[in-house]
Amino acid sequence: MGSACKDEREEVVEAWYMDDSDEDQRLPHHREPKAIVSLDQLAELGVLSWRLDADNYETDEQLKKIREERGYSYMDFCEVCPEKLPNYEEKIKNFFEEHLHADEEIRYCVAGSGYFDVRDHNDDWIRVWVKKGGMIVLPAGIYHRFTLDANNYIKAMRLFVGDPIWTPFNRPHDHLPARKEYLETFVQKEAARPAVDAAA
């Protein structure tokens, strides 16, 4: 079929600009008309994505390769739903507080689905819908938040380089080195684009 093929990642990772409504956070919150964000646009913000075989994650060679290449030595699972997560209401509230981490956030959805919202260069929210088989990496220093969608269930593999540190720094934390590095790598790079490409 050649290069006209649809990107298979789009079946498990979709993204769009959010409206400003404060209705239920688990609704899609599409703008009118819809403003779809491509996976390439996400990559420009440092958000990486893969489509993997969620039914065979124990033996998946592609996952193994990604873990080796990116140094993801730690792995565990997190199930987010009212029945499985202690202090569910409080946790969901915390996940939806805008925050950043000093390390990458790596999430691989092996069942269910959920929304990871990230800020673009202009501070607008992009909603990233990750479904079964979708894996995303949010770069250190990007402001983001998480919520379940209307299905109220996700089982995610959490990966980490070294010992896991899940410390969220709620906005504003612009003084952190991770935030400064993020801005230098992804935001200022965007502003100086034409000159950067030659040196890249």
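Any value given below was found using the heavy atoms of this structure, including those in side chains, with hydrogens, waters and symmetry copies removed. Along the sequence shown, residues are numbered consecutively beginning with 1.
Linking Ile, Leu, Val, Met, Phe, Trp and Tyr whenever their side-chain heavy atoms come within less than 4.5 Å puts Val110 and Ile106 in one cluster. Leu148 is not connected to Trp129 by any chain of hydrophobic side-chain contacts under 4.5 Å among Ile, Leu, Val, Met, Phe, Trp and Tyr, and they are in different clusters. By the rule that hydrophobic residues join a cluster once side-chain heavy atoms approach within less than 4.5 Å of another member, Phe77 and Val137 end up as members of one cluster. No single ILVMFWY cluster, assembled from side-chain heavy atoms under 4.5 Å apart, contains both Leu176 and Val187. Linking Ile, Leu, Val, Met, Phe, Trp and Tyr residues whenever their side-chain heavy atoms come within less than 4.5 Å leaves Tyr115 and Leu48 in two separate clusters.
A salt bridge links Glu104 with Arg70: the distance from a Lys NZ or Arg NE/NH1/NH2 to an Asp or Glu carboxylate oxygen falls below 4.0 Å. A salt bridge does not link Lys65 with Asp60: every distance from a Lys NZ or Arg NE/NH1/NH2 to an Asp or Glu carboxylate oxygen is 4.0 Å or more. The pair Asp117-Arg127 meets the salt-bridge criterion, since a charged nitrogen lies less than 4.0 angstrom from a carboxylate oxygen.
Proximity of Met135 to Leu63: side-chain heavy atoms (C-beta onward) are separated by under 4.5 Å at one or more points. A heavy-atom distance below 4.5 Å is not found between the side chains of Tyr153 and Val80. The shortest distance between side-chain heavy atoms of Val128 and Val13 falls below 4.5 Å. Residues Lys132 and Asp55 have side chains in contact (heavy-atom distance under 4.5 Å, counting atoms from C-beta outward). When side chains are defined from C-beta on, Glu10 counts as touching Asp7, because their heavy atoms get closer than 4.5 Å. Using a 4.5 Å cut-off on side-chain heavy atoms (C-beta onward), Tyr74 and Asp163 make no contact. Looking at Lys155 and Lys84, their side chains never come closer than 4.5 Å, going by heavy atoms from C-beta outward. Taking 4.5 Å as the limit, every side-chain heavy atom of Tyr57 sits out of range of all side-chain heavy atoms of Leu52.
Put simply, CD on Glu14 and OG on Ser38 are 12.5 Å apart, with the number rounded to the nearest 0.5 Å. Here the CD1-CD distance, from Ile66 to Gln62, works out to 5.0 Å after rounding to the nearest 0.5 Å. Note: His144 NE2 to Ile136 CD1 = 8.5 Å, rounded to the nearest 0.5 Å. Atoms CD and CG, on Glu181 and Leu183 in that order, are 10.5 Å from each other to the nearest 0.5 Å. Taken to the nearest 0.5 Å, the CZ atom of Arg179 stands 5.5 Å off from the CG atom of Asp174. Note that CG of Leu27 and CG of Asp149 are 10.0 Å apart. Values are rounded to the nearest 0.5 Å.
Looking only at distances, a side-chain donor or acceptor of Tyr108 sits under 3.5 Å from a matching main-chain atom of Ala54. No donor-acceptor pair under 3.5 Å is formed between the side chain of His173 and the backbone N or O of Arg171.
Residues Ser49 and Arg9 bring a donor and an acceptor atom of their side chains to less than 3.5 Å of each other. Looking only at atom types and distance, the side chain of Glu83 has no donor-acceptor partner in the side chain of Tyr88 under 3.5 Å away. Side chains of Tyr143 and Asp123: no donor on one and acceptor on the other come within 3.5 Å.
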(message) Using the rule given for side-chain contact (heavy atoms from CB on, under 4.5 Å), can you reason through Asn152 versus Arg26, listing the C-alpha separation, both sets of side-chain angles and the distance that settles it, and then say yes or no?
(response) CA-CA 8 Å; Asn152 271 332; Arg26 296 164 312 150; 2.9 Å; yes

(request) I would like to know whether Lys64 and Glu61 meet side-chain contact (heavy atoms from CB on, under 4.5 Å); could you show each step before the answer? (result) CA-CA 5 Å; Lys64 197 172 151 202; Glu61 285 302 317; 4.1 Å; yes

(request) Give the C-alpha distance, both sets of side-chain angles, the deciding distance and a yes or no for side-chain contact (heavy atoms from CB on, under 4.5 Å) between Asp103 and Val161. (result) CA-CA 9 Å; Asp103 299 279; Val161 177; over 6 Å; no

(request) Decide salt bridge (Lys or Arg N to Asp or Glu O under 4.0 Å) for Glu105 and Arg158; before the verdict, give the C-alpha distance in whole Å, the side-chain angles of both, and the deciding distance to 0.1 Å. (result) CA-CA 8 Å; Glu105 178 167 313; Arg158 305 191 299 179; over 6 Å; no

(request) Decide yes or no on side-chain contact (heavy atoms from CB on, under 4.5 Å) for Arg31 and Met18, but give the supporting numbers first. (result) CA-CA 6 Å; Arg31 286 184 181 174; Met18 292 183 73; 5.8 Å; no

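With sequence neighbours excluded, the residues forming a side chain to side chain donor-acceptor pair (under 3.5 Å) with His29 are Asp19, listed by chain and number. Residues that satisfy the side chain to side chain donor-acceptor pair (under 3.5 Å) test with Arg51, not counting sequence neighbours, are Glu11. By the side chain to side chain donor-acceptor pair (under 3.5 Å) test, Asn122 is found to be paired with no residue, residues two or more places apart in sequence or in another chain being considered.
Taking both residues in full, the closest heavy atoms of Pro139 and Gly46 are given as CD-O, 3.2 Å, listed atom of the first, atom of the second, then distance. Scanning all heavy atoms of the two residues, the minimum distance from Leu42 to Ala15 falls at CD1-CB, 3.9 Å. Of all heavy-atom pairs spanning Gly141 and Leu100, the tightest one is O-CD2, 3.8 Å. Of all the heavy atoms in Cys109 and Val130, the pair that sits closest is CB-CG1, 3.9 Å. The two atoms that bring Ser73 and Gly162 nearest to each other are OG-N, 2.9 Å, heavy atoms only. Taking every heavy atom of both residues into account, Phe186 and Glu44 meet most closely at CD2-O, 3.5 Å.
Judged by the 6.0 Å and 45° rule, Arg119 forms a cation-pi pair with Trp125. Geometrically, Arg67 does not engage Tyr72 in a cation-pi contact defined by less than 6.0 Å to the ring centre and at most 45° from the axis. Cation-pi geometry between Arg107 and Trp50 is not met: the NZ or CZ atom fails to fall both under 6.0 Å from the ring centre and inside 45° of the normal.
In Glu23, the CD atom is not crowded: 12 or fewer heavy atoms of neighbouring residues, nucleotides or ligands sit closer than 6.0 Å. Heavy-atom neighbours of Asp24 CG from other residues, nucleotides or ligands within 6.0 Å: above the threshold of 12.
Ring geometry for His101 versus His99: interplanar angle over 60°, hence perpendicular rather than tilted (30 to 60°). Between Phe95 and Phe146, the angle of the ring planes goes over 60°, which puts this pair in the perpendicular group of the 30/60° scheme. Note: Phe160 and Trp166 have perpendicular aromatic rings, judged against thresholds of 30 and 60 degrees for the angle between ring planes.
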